Amino acid sequence: MMIRRLLIPIYLLLISSNLKSQKTVDLSLHNLKAVNTIMDLENREGEKVVRAVKDLAVKEFDEPTFVRINSINFSNGIIEVKVLSRLLADAPDFARGFIGIAFRINDTNSKFESIYLRPLNATVEDQTRRNRSIQYFSYPDFKYQRLRQEFCGKYESYADIALNEWIQIRIEVQGEKAKLYINDAKKPSFIINDLKLGENQKGAIGLFVDIGTEGFFKDIKITLQ
């Protein structure tokens, strides 16, 4: 009984500490930095959201094109955000509504991991494209082209998503492993067991978009572990 009495306060302290680690991100200009993007804050249906569009000067794909959150140093934990993407009027034919999250971004934006969505792919009749609704890449050495060529679908998957709708993303990161949950699903839609930058990489979080996409982000919550 004495041991149990001693353990209870410790247990409660651990729970309290874990709860304090969750942070709702302040969506204000001083807390956000546009990296190779055009960014502004909007009010949509009474909620503050971040709008981001890729800078057209960046021609390559899977580049540091995100809105960087200044106040987070992330290694392991949970990233939660709602995203919505739609195609710009001048979007190229290969645009898919690319939108997602970059994480463990180093100070110079030269190394990071990313998981993003291609919502348009999820709605087409071509099964190969449907299987490319979710994408992982690791910058700078493992962009989607290399991963697709060398690992044949291992870092892509399907999700029931679409353009112009809010999609809840939850990314759980622990060491070299990441899991993506869509719209409060109990089971992950996508699992990565070998994040290419390794378990010791850490850094900022970014709101990622790519070519032809008008992306919106809201309700961003980060849990650090």
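What you see is a predicted model, and the numbers here were worked out from it, not measured in a lab.
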Worksheet item: Does one hydrophobic cluster hold both Leu163 and Ile182, with members joined at side-chain heavy-atom distances below 4.5 Å?
Response: no
Response to the item:
d(Ile101 CD1, Ile69 CD1) to nearest 0.5 Å is 6.5 Å
Fill in: Enclosure of Asp126 CG (heavy-atom neighbours >12, cutoff 6.0 Å)
yes
Discussion item. Can you confirm whether Leu195 sits close enough to Ser138 that some side-chain heavy atom of one is under 4.5 Å from a side-chain heavy atom of the other?
Written reply: no
Fill in: Glu80/Arg170 salt bridge by N-O under 4.0 Å criterion
yes
Practice prompt. Using a 4.5 Å cut-off on heavy atoms from C-beta on, say whether the side chain of Ile78 contacts that of Ile171.
Written response: no
Discussion item. Ring of Tyr144, cation from Arg118 - is the NZ or CZ under 6.0 Å from the centre and inside 45° of the axis?
Written reply: yes
Practice prompt. Kindly give the cluster partners of Val53, where membership spreads through any ILVMFWY side chain lying under 4.5 Å from a current member.
Written response: Leu88
Worksheet item: At their closest point, which heavy atom of Ala91 faces which heavy atom of Gly212, and how far apart are they?
Response: CB-O, 3.6 Å
Discussion item. Ignoring hydrogens, what is the shortest heavy-atom contact between Gly215 and Val209? Give both atom names and the distance.
Written reply: CA-CG1, 4.1 Å
Worksheet, complete the sentence: Between Ser110 and Tyr139, the two heavy atoms sitting closest are O-CD2, 3.4 Å
Practice prompt. Supply the members, apart from Val49, of the Ile/Leu/Val/Met/Phe/Trp/Tyr cluster built from side-chain contacts under 4.5 Å; use none for a lone residue.
Written response: Leu84, Trp166, Phe216
Worksheet item: Is there a donor in the side chain of Asn121 and an acceptor in the side chain of Arg129, or the other way round, less than 3.5 Å apart?
Response: yes
Discussion item. With rounding to the nearest 0.5 angstrom, report the CD1 to CD1 distance, Ile220 to Ile79.
Written reply: 10.5 Å
Worksheet entry | Residues Gln135 and Tyr155: side-chain donor-acceptor under 3.5 angstrom | no
Worksheet item: Under the 6.0 Å and 45° cation-pi test, does Lys177 pair with Phe190?
Response: no
Discussion item. I want to check something: taking the side chain as every heavy atom from C-beta on, are Phe61 and Phe98 in contact at a cut-off of under 4.5 Å?
Written reply: no
Discussion item. Would you say that Ile222 contacts Val25 through its side chain, given a criterion of any heavy-atom pair below 4.5 Å between the two side chains?
Written reply: yes
Worksheet entry | Common cluster, Val58/Leu56, ILVMFWY with side-chain heavy-atom separation under 4.5 Å | no
Discussion item. Looking at Val35, is its backbone amide N or carbonyl O close enough to the side chain of Arg68 to form a donor-acceptor pair, meaning the two atoms are under 3.5 Å apart?
Written reply: no
Discussion item. Could you check whether Ser71 and Asn31, counting side-chain N and O atoms only, form a donor-acceptor pair closer than 3.5 Å?
Written reply: yes
Discussion item. Within the supplied structure, the quantity of interest is the number of heavy atoms (other residues, nucleotides, ligands) at a distance under 6.0 Å from Gln149 CD; does it exceed 12?
Written reply: no
Worksheet entry | Pair Lys221 + Asp219: basic N to acidic O under 4.0 Å | no
Discussion item. Working note: Arg130 + Thr128, criterion side-chain contact (heavy atoms from CB on, under 4.5 Å); need CA distance, chi angles, decisive distance, verdict.
Written reply: CA-CA 5 Å; Arg130 288 168 68 87; Thr128 300; over 6 Å; no
Worksheet item: Does Tyr181 belong to the same Ile/Leu/Val/Met/Phe/Trp/Tyr cluster as Ile99, with side-chain heavy atoms less than 4.5 Å apart forming each link?
Response: no
Worksheet item: Do Arg51 and Arg44 touch side chain to side chain, with heavy atoms closer than 4.5 Å?
Response: no
Worksheet entry | Criterion side-chain hydrogen bond (donor to acceptor under 3.5 Å, both in side chains) on Tyr116 and Asp62, from CA distance to verdict | CA-CA 10 Å; Tyr116 66 87; Asp62 291 359; 3.1 Å; yes
Worksheet item: To the nearest 0.5 Å, how far apart are CG in Asn131 and OG in Ser157?
Response: 7.5 Å
Item to complete: Check the pair Lys143 / Glu63 against side-chain contact (heavy atoms from CB on, under 4.5 Å), numbers first and verdict last.
Response: CA-CA 9 Å; Lys143 297 184 180 184; Glu63 291 287 311; 2.2 Å; yes
Fill in: Minimal non-hydrogen separation, Leu27 against Leu41, with atom names
O-CD1, 3.6 Å
Worksheet item: So, do Ile167 and Val83 sit near enough that their side-chain heavy atoms are less than 4.5 Å apart?
Response: yes
Discussion item. We want to know whether Glu113 and Tyr136 form a side-chain donor-acceptor pair, criterion being a heavy-atom distance below 3.5 angstrom.
Written reply: yes
Discussion item. As a quick check of understanding, evaluate side-chain contact (heavy atoms from CB on, under 4.5 Å) for Glu156 and Leu147, giving each step before the final call.
Written reply: CA-CA 9 Å; Glu156 299 173 280; Leu147 293 173; over 6 Å; no
Item to complete: Could you tell me whether Phe112 and Phe74 have their ring centroids closer than 6.0 angstrom?
Response: no
Worksheet item: NZ/Lys59 to NZ/Lys54 distance, rounded to the nearest 0.5 angstrom?
Response: 9.0 Å
Worksheet entry | Spacing of Arg96 atom CZ and Leu120 atom CG [to the nearest 0.5 Å] | 6.0 Å
Discussion item. Looking only at side-chain N and O atoms, does Asn200 offer a donor or acceptor that is under 3.5 Å from a partner on Arg104?
Written reply: no
Worksheet item: Is there a path of hydrophobic side-chain contacts, each under 4.5 Å between heavy atoms of I, L, V, M, F, W or Y residues, that connects Val81 with Met39?
Response: yes
Worksheet item: Taking atom NZ of Lys202 as the centre, does the number of heavy atoms from other residues, nucleotides or ligands within less than 6.0 Å exceed 12?
Response: no
Fill in: 4.5 Å side-chain heavy-atom contact, Ile169 and Leu117
yes
Practice prompt. Would you check if the side chain of Asp184 reaches a backbone N or O of Gln168 as a donor-acceptor pair within less than 3.5 Å?
Written response: no
Discussion item. For the CD1 atom of Ile72 and the CG atom of Leu224, what is their distance to the nearest 0.5 Å?
Written reply: 6.0 Å
Worksheet item: Honestly, is Lys196 close enough over Phe142, meaning NZ or CZ under 6.0 Å from the six-membered ring centre and within 45° of the axis?
Response: yes
Discussion item. I'd like to know whether NZ of Lys33 has more than 12 heavy-atom contacts from other residues, nucleotides or ligands below 6.0 angstrom.
Written reply: no
Worksheet item: If every non-hydrogen atom of Gly175 is compared with every non-hydrogen atom of Asn76, which pair is closest and at what distance?
Response: N-OD1, 2.8 Å
Item to complete: Could you please spell out the steps behind the side-chain contact (heavy atoms from CB on, under 4.5 Å) verdict for Gln174 and Glu199?
Response: CA-CA 8 Å; Gln174 188 66 45; Glu199 63 181 357; over 6 Å; no
Discussion item. Could you see if Leu197 belongs to whatever hydrophobic cluster contains Ile115? Use Ile, Leu, Val, Met, Phe, Trp, Tyr and a side-chain cutoff under 4.5 Å.
Written reply: no
Worksheet item: Are Glu47 and Asn43 linked by a side-chain donor-acceptor pair shorter than 3.5 Å?
Response: no
Worksheet item: When the ring centroid of Phe208 is compared with that of Phe66, is the distance short of 6.0 Å?
Response: no
Worksheet item: Taking all atoms of both residues into account, what is the closest heavy-atom pair of Gly97 and Pro119, and its distance?
Response: O-CD, 3.2 Å
Fill in: Validation row: Glu214, Ser85 side chains within 4.5 angstrom (heavy atoms)
no
Discussion item. Keeping Asn109 on the side-chain end and Pro64 on the backbone end, is there a donor-acceptor pair under 3.5 Å?
Written reply: no
